[in-house]
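For clarity, every value in this text was computed on a predicted model and none was experimentally measured.
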Amino acid sequence: NERYEEVPRHNSTKSNSFLFVVSVGKYKNLSFIPYKGSYFTRIDNNLVKEYNLVVWKKSRLTGGADANRHRTSQVIIPFFKTGNVITHNELAYFSDKSFIKVEKRAIGGFIGLDFLREHLAIVDVTNKILYLKSNNKNKVTHYSDILTKKGYKIISLGRSPSGHQIIIAQINKEKPTDFMFDSGIPVTMLSTEYAKKLELKITKRPIVGKGSGGGKMEMSEIPTQKFIVERISWSPKQIVATDFKYVTIGMPISGAIGLDWMQAN
C-alpha cells in the first residue's frame with residue numbers, strides 16, 4: 001500500500017551529480033540537487049526576486065565547508081512540485097547558487113534533508129533515481145527484510161545536533177570515527193587535521209575548488225587508503241583532504257562520505 005513516485009531527473013553524463021526536476025510556481029524545469037549535507041532546502045537568490053517570494057525576518061548564518069558565511073532569511077514557496085509530489089507554503093533559505101553549474105546548467109537550489117525526511121525519500125544512488133512518497137500520512141513500511149535477502153547489510157546512521165546524518169567509518173586499522181553522510185559531494189573527503197593525525201601522505205600542491213557557500217576550498221589528494229564501514233572494505237581511486245573547521249554541525253567529524261562510496265557499495 002506504499003505508493004512512491006519516481007522524480008524526473010536531468011541526466012548528467014559528465015558529472016557525478018544528481019539533478020532532479022523541480023517547479024517553483026510558474027518556473028518549471030529547474031534543476032535541484034538532493035543535498036544531505038544541507039539540513040534545510042535552499043533556493044537561489046534570483047528565483048526569490050523573480051518570483052517575488054515572501055521573505056521572513058527569521059534568519060540564520062549559512063555556508064559550506066568553505067570560509068564564506070552568509071546571513072540568510074527564510075522564504076515561503078507557495079507552490080513546490082517535484083514529480084507528482086506537490087507541497088504548498090514550503091519553507092526554504094535563499095542564497096546565491098548561481099556559481100554552481102552542472103554541465104553548464106545553473107541549479108535552482110538544494111533539496112534539503114528536511115524535505116527528504118518529510119517525504120520518506122529513497123535514493124537509488126547507482127541509477128541516480130530519487131523516490132518520494134506521494135502520501136506520507138500512512139504508516140511507513142520497513143524494507144529491511146527485502147533488502148537483506150538481496151544481500152544488503154543494514155548500517156545504522158546517527159544524527160548530529162544539527163540534524164545531519166552521521167556514519168561511523170575507519171581508515172586502515174585506525175579507530176573508527178564519525179563521518180558526515182553527504183550525497184551532495186562527489187568524492188569522499190577527510191579533514192586535513194585528521195589526515196595529519198594519521199600521518200597520511202598529502203600532496204603538496206592543493207586543488208582549488210569552490211564550496212557550497214561560494215568560497216574557495218583547497219583540497220589535497222591522498223594516496224588510496226582502505227576505507228572500512230561495518231567490515232565492508234573499500235579502496236577508492238581518490239580521497240581528498242580539506243579543512244573542516246568551517247563545518248559546524250554540533251559535533252566534530254573526521255570527514256564526509258560522498259557519492260563515490262555510496263555508488264561503490
Worksheet item: Within the side chain of S191, is there an N or O that forms a donor-acceptor pair under 3.5 Å with the backbone of G255?
Response: no
Worksheet item: Between V22 and V24, does a side-chain contact (heavy atoms from CB on, under 4.5 Å) hold up when you go through it step by step?
Response: CA-CA 7 Å; V22 173; V24 177; 4.1 Å; yes
Fill in: Pair T188-D260, side chain to side chain donor-acceptor pair (under 3.5 Å): steps then yes or no
CA-CA 7 Å; T188 293; D260 52 352; 2.8 Å; yes
Worksheet item: CD1 of I249: more than 12 outside heavy atoms within 6.0 angstrom?
Response: yes
Discussion item. Show the nearest heavy-atom pair for residues I129 and E6, with the distance to one decimal.
Written reply: CG2-CG, 3.5 Å
Discussion item. Please find the pair of heavy atoms, one from D178 and one from P252, that lie closest to each other, and give the distance.
Written reply: CB-O, 4.3 Å
Practice prompt. Starting at CD of E90, measure out to CD1 of I43 and round the result to the nearest 0.5 Å.
Written response: 10.0 Å
Practice prompt. Might you confirm whether atom CD of E50 has over 12 heavy atoms from other residues, nucleotides or ligands at distances under 6.0 Å?
Written response: yes
Practice prompt. Answer whether the closest heavy-atom distance between the side chains of I86 and K81 falls below 4.5 Å.
Written response: yes
Item to complete: Kindly write out the residues that satisfy side-chain hydrogen bond (donor to acceptor under 3.5 Å, both in side chains) with S254, not counting sequence neighbours, or none if the list is empty.
Response: T177
Worksheet item: Which heavy atom in A92 sits nearest to a heavy atom in I77, and how many Å separate them?
Response: CB-CD1, 4.0 Å
Worksheet item: What residues form a side-chain contact (heavy atoms from CB on, under 4.5 Å) with P8, not counting sequence neighbours?
Response: V21
Item to complete: Give a yes or no on whether V125 and L132 share a hydrophobic cluster (residues Ile, Leu, Val, Met, Phe, Trp, Tyr; joining criterion: side-chain heavy atoms under 4.5 Å apart).
Response: yes
Fill in: With sequence neighbours excluded, residues passing side-chain contact (heavy atoms from CB on, under 4.5 Å) with L91
W56, Q74, I76
Worksheet, complete the sentence: With sequence neighbours left out, the residues meeting side-chain hydrogen bond (donor to acceptor under 3.5 Å, both in side chains) with S160 are S162
Worksheet, complete the sentence: Applying side-chain contact (heavy atoms from CB on, under 4.5 Å) to V229 and not counting sequence neighbours gives I155, I167, A169, F227, I257, W261
Fill in: salt bridge (Lys or Arg N to Asp or Glu O under 4.0 Å) partners for E5, two or more places apart
R3
Item to complete: List for me each residue that meets ring pair (Phe, Tyr, Trp, His ring centres under 6.0 Å) alongside F80, sequence neighbours excluded, and say none if there are none.
Response: F32, F115
Worksheet item: From D182 CG over to H164 NE2, what is the distance, rounded to the nearest 0.5 angstrom?
Response: 7.5 Å
Response to the item:
So NZ of K197 and CD of E174: to nearest 0.5 Å the spacing works out to 8.5 Å
Discussion item. With side-chain contact (heavy atoms from CB on, under 4.5 Å) as the criterion, how do F244 and T192 come out once you've worked through the C-alpha distance, each side chain's angles and the decisive distance to 0.1 Å?
Written reply: CA-CA 7 Å; F244 267 63; T192 304; over 6 Å; no
Discussion item. Could you report the tightest heavy-atom contact between D145 and T148, atom names first, then the distance?
Written reply: O-OG1, 3.2 Å
Fill in: Atom of F179, atom of M189 and distance for their closest heavy-atom approach
CE2-O, 4.0 Å
Discussion item. Measuring from atom CD1 of I253 to atom OG1 of T248, what distance do you get when rounded to the nearest 0.5 angstrom?
Written reply: 9.5 Å
Item to complete: Mind running side-chain contact (heavy atoms from CB on, under 4.5 Å) on L30 and L47 for me, showing each step along the way?
Response: CA-CA 10 Å; L30 301 171; L47 292 175; 3.8 Å; yes
Worksheet item: Are Q165 and L113 side-chain neighbours, meaning at least one heavy-atom pair lies under 4.5 Å?
Response: yes
Practice prompt. Taking all heavy atoms of Y39 and all of R117, pick out the closest pair and write down the distance.
Written response: CE1-NH1, 3.2 Å
Worksheet item: Same cluster for L200 and I228 if Ile/Leu/Val/Met/Phe/Trp/Tyr side chains link at under 4.5 Å?
Response: no
Discussion item. Rounded at 0.5 Å granularity, tell me how far NZ in K196 sits from CD1 in I202.
Written reply: 6.0 Å
Worksheet item: Sub-3.5 Å donor-acceptor pair from the side chain of K149 to the main-chain atoms of G151, do we have one?
Response: no
Worksheet item: Sequence neighbours excluded, which residues qualify as side-chain hydrogen bond (donor to acceptor under 3.5 Å, both in side chains) partners of Q170?
Response: none
Discussion item. Tell me every residue that passes side-chain contact (heavy atoms from CB on, under 4.5 Å) with P223, counting only those two or more places apart in sequence or in another chain.
Written reply: K201, Q225
Worksheet item: Any side-chain heavy atom of H119 sitting closer than 4.5 Å to one from T87?
Response: yes
Fill in: Within-4.5 Å side-chain heavy-atom neighbours: L116 and L130
yes
Item to complete: Report the residues that fulfil ring pair (Phe, Tyr, Trp, His ring centres under 6.0 Å) with F79, sequence neighbours left out, ordered by chain and then residue number.
Response: H88
Response to the item:
Sorted by chain and residue number, the side-chain hydrogen bond (donor to acceptor under 3.5 Å, both in side chains) partners of N127 (sequence neighbours excluded) come out as D124
Worksheet entry | Interatomic spacing from CE in M180 to CG in L157 - rounded to 0.5 Å | 12.5 Å
Worksheet item: Can you name the one residue among D44, L53, V48 that meets side-chain contact (heavy atoms from CB on, under 4.5 Å) with F94?
Response: V48
Item to complete: Following the transitive rule for hydrophobic clusters with a side-chain heavy-atom cut-off under 4.5 Å over Ile, Leu, Val, Met, Phe, Trp and Tyr, establish whether M262 and I168 coincide in one cluster.
Response: no
Worksheet item: Any link between L147 and I154 through a network of hydrophobic side chains (Ile, Leu, Val, Met, Phe, Trp, Tyr) touching at under 4.5 Å?
Response: no
Worksheet item: Would a distance-only check, ignoring hydrogens and angles, find a side-chain to backbone donor-acceptor pair under 3.5 Å from N172 to K226?
Response: yes
